[in-house]
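All of these numbers come straight from a predicted model, not from anything done at the bench. When reading the values below, keep in mind they use all heavy atoms of this one structure, side chains included, and skip hydrogens, waters and symmetry mates. All residue numbers refer to positions in the sequence shown, counting from 1.
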Amino acid sequence: MKIAIFPGTFDPLTLGHIDLIKRGRALFDQLAVAVMTNTSKKPLFSVEERVAQIKEATAGMDNVSVITAQGLTVKLMNKIGADYLMRGLRNTTDFQYERDIATMNKFLDKDVETVFFLADPKYQHLSSSLLKEVAMSGGDISAYLPGQISTALDQRLKERKLKRVVDDQNE
């Protein structure tokens, strides 16, 4: 059985991520989407919210599961019996970054095999960080997000804007 893990912060999950999940589930018997914690990022959504969003977006994909984890991806892979680490590449910058991580993972566990998927050209320019930045500045990014996540992002940004207004009034 070919089991793969697709780790990321997924804040928010984009249609580019969904495309990779669909392609990965066709290649592997089981695909675990692992919602990870990245200490260098400040997420808009909690881990629990992201898990629920991904579960909703992948409903009906019977060989896809959603899990959470912290720490080393190779340890998570060993825990769930995954042999493959799935990553998406949008550009050469991603390649250099992901190549270094793959090399380190191989050092940590010689049995880990990283499989790279080239991003669909219509999603190559996307990143969750870019989309959040555009949305925070009032841009419409709904074409790049699953519907329910677009709605949740709009709501979260309205909440944050309202909180800033209230905080400013209280100063």
Side-chain angles (χ1 to χ4, degrees), residues 4-25 30-73 75-77 79-80 82 85-91 93-94 97-98 101 116-171:
I5 186 170
F6 180 37
T9 52
F10 306 109
D11 185 53
L13 180 77
T14 71
L15 292 180
H17 293 129
I18 295 290
D19 178 63
L20 292 172
I21 291 167
K22 286 177 179 177
R23 291 163 56 200
R25 74 180 288 263
Q30 293 290 318
L31 177 62
V33 179
V35 179
M36 306 293 283
T37 301
N38 185 333
T39 56
S40 66
K41 294 182 178 181
K42 293 185 178 190
L44 279 176
F45 297 105
S46 70
V47 169
E48 295 78 19
E49 288 171 319
R50 286 179 272 153
V51 166
Q53 291 168 351
I54 297 167
K55 283 183 176 181
E56 184 175 348
T58 60
M61 296 184 195
D62 59 345
N63 63 334
V64 175
S65 60
V66 184
I67 60 176
T68 62
Q70 294 181 331
L72 293 174
T73 305
K75 286 187 178 184
L76 175 62
M77 291 177 70
K79 181 179 176 183
I80 68 167
L85 176 61
M86 188 180 120
R87 300 297 294 161
L89 299 175
R90 295 169 296 187
N91 51 43
T93 303
D94 277 358
Y97 175 75
E98 295 293 345
I101 292 173
F116 295 113
F117 285 78
L118 295 179
D120 185 303
K122 65 185 170 194
Y123 302 125
Q124 286 177 346
H125 63 291
L126 295 184
S127 72
S128 294
S129 299
L130 173 63
L131 292 179
K132 286 189 290 192
E133 189 66 32
V134 171
M136 285 186 228
S137 298
D140 179 11
I141 58 165
S142 59
Y144 295 118
L145 300 172
Q148 80 280 9
I149 294 174
S150 180
T151 301
L153 180 62
D154 288 344
Q155 182 61 38
R156 182 58 43 90
L157 293 177
K158 286 176 187 172
E159 291 168 4
R160 286 195 169 193
K161 186 175 182 180
L162 179 61
K163 183 181 180 324
R164 280 193 302 270
V165 169
V166 169
D167 288 347
D168 288 347
Q169 289 175 348
N170 290 333
E171 287 183 355

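- Taking the side chain as every heavy atom from C-beta outward, M136 and L157 approach each other to under 4.5 Å.
- Here the CD atom belonging to E49 is positioned 4.0 Å from the CZ atom belonging to R156, to the nearest 0.5 angstrom.
- Closest approach of F45 and P12 over heavy atoms only: CE1-CB, 4.3 Å.
- Between the R90 side chain and the L126 main chain, a donor and an acceptor come within less than 3.5 Å of each other.
- The minimum heavy-atom distance linking L31 with M86 is given by the pair CD1-SD, 3.9 Å.
- For K22, the side chain to side chain contact (heavy atoms under 4.5 Å, CB included) criterion is met by I18, M61, not counting sequence neighbours.
- Screening L131, L130, I149 against Y144 for a side-chain contact (heavy atoms from CB on, under 4.5 Å) leaves a single residue, L131.
- With values rounded to the nearest 0.5 angstrom, L20 atom CG is found 4.5 Å from F6 atom CZ.
- Around CZ of F116, the count of heavy atoms belonging to other residues, nucleotides or ligands within 6.0 Å exceeds 12.
- Atom CD of Q124 sits in a crowded spot, with more than 12 heavy atoms from other residues, nucleotides or ligands closer than 6.0 Å.
- The closest side-chain heavy-atom distance from I67 to L76 is below 4.5 Å.
- Here the side chain of R25 pairs no donor or acceptor atom with the backbone of V64 at under 3.5 angstrom.
- Here the closest non-hydrogen pair linking A143 and L15 is O-CD1, 3.2 Å.
- From L13, atom CG reaches atom CZ of R50 across 11.0 Å, with rounding to the nearest 0.5 Å.
- Between the CG atom of D94 and the CZ atom of R87 there is a distance of 8.5 Å, given to the nearest 0.5 Å.
- Remark: the backbone N or O of G16 is paired with a side-chain donor or acceptor of T14 at under 3.5 angstrom.
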### Task
For L153 and I141, run side-chain contact (heavy atoms from CB on, under 4.5 Å): C-alpha distance rounded to whole Å, both residues' side-chain angles, the deciding distance at 0.1 Å, then the answer.
CA-CA 10 Å; L153 180 62; I141 58 165; 3.4 Å; yes
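- To the nearest 0.5 angstrom, M36 atom CE is 6.5 Å from I5 atom CD1.
- Evaluation of the salt bridge (Lys or Arg N to Asp or Glu O under 4.0 Å) test over residues 129-148, restricted to residues two or more places apart or in two chains, returns D11-K132.
- Taking CD1 from I21 and CZ from R23, the interatomic distance works out to 12.0 Å, rounded to the nearest 0.5 Å.
- Contact detail for S150 and S142: the closest heavy-atom pair is OG-CB, 3.3 Å.
- Considering every non-hydrogen atom in both K55 and V66, the closest pair reads CG-CG2, 3.7 Å.
- The two residues S128 and H17 make their nearest non-hydrogen contact at OG-CE1, 3.4 Å.
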### Query
Between K158 and D154, does a salt bridge (charged side-chain N to carboxylate O under 4.0 Å, His left out) hold up when you go through it step by step?
CA-CA 6 Å; K158 286 176 187 172; D154 288 344; 5.9 Å; no
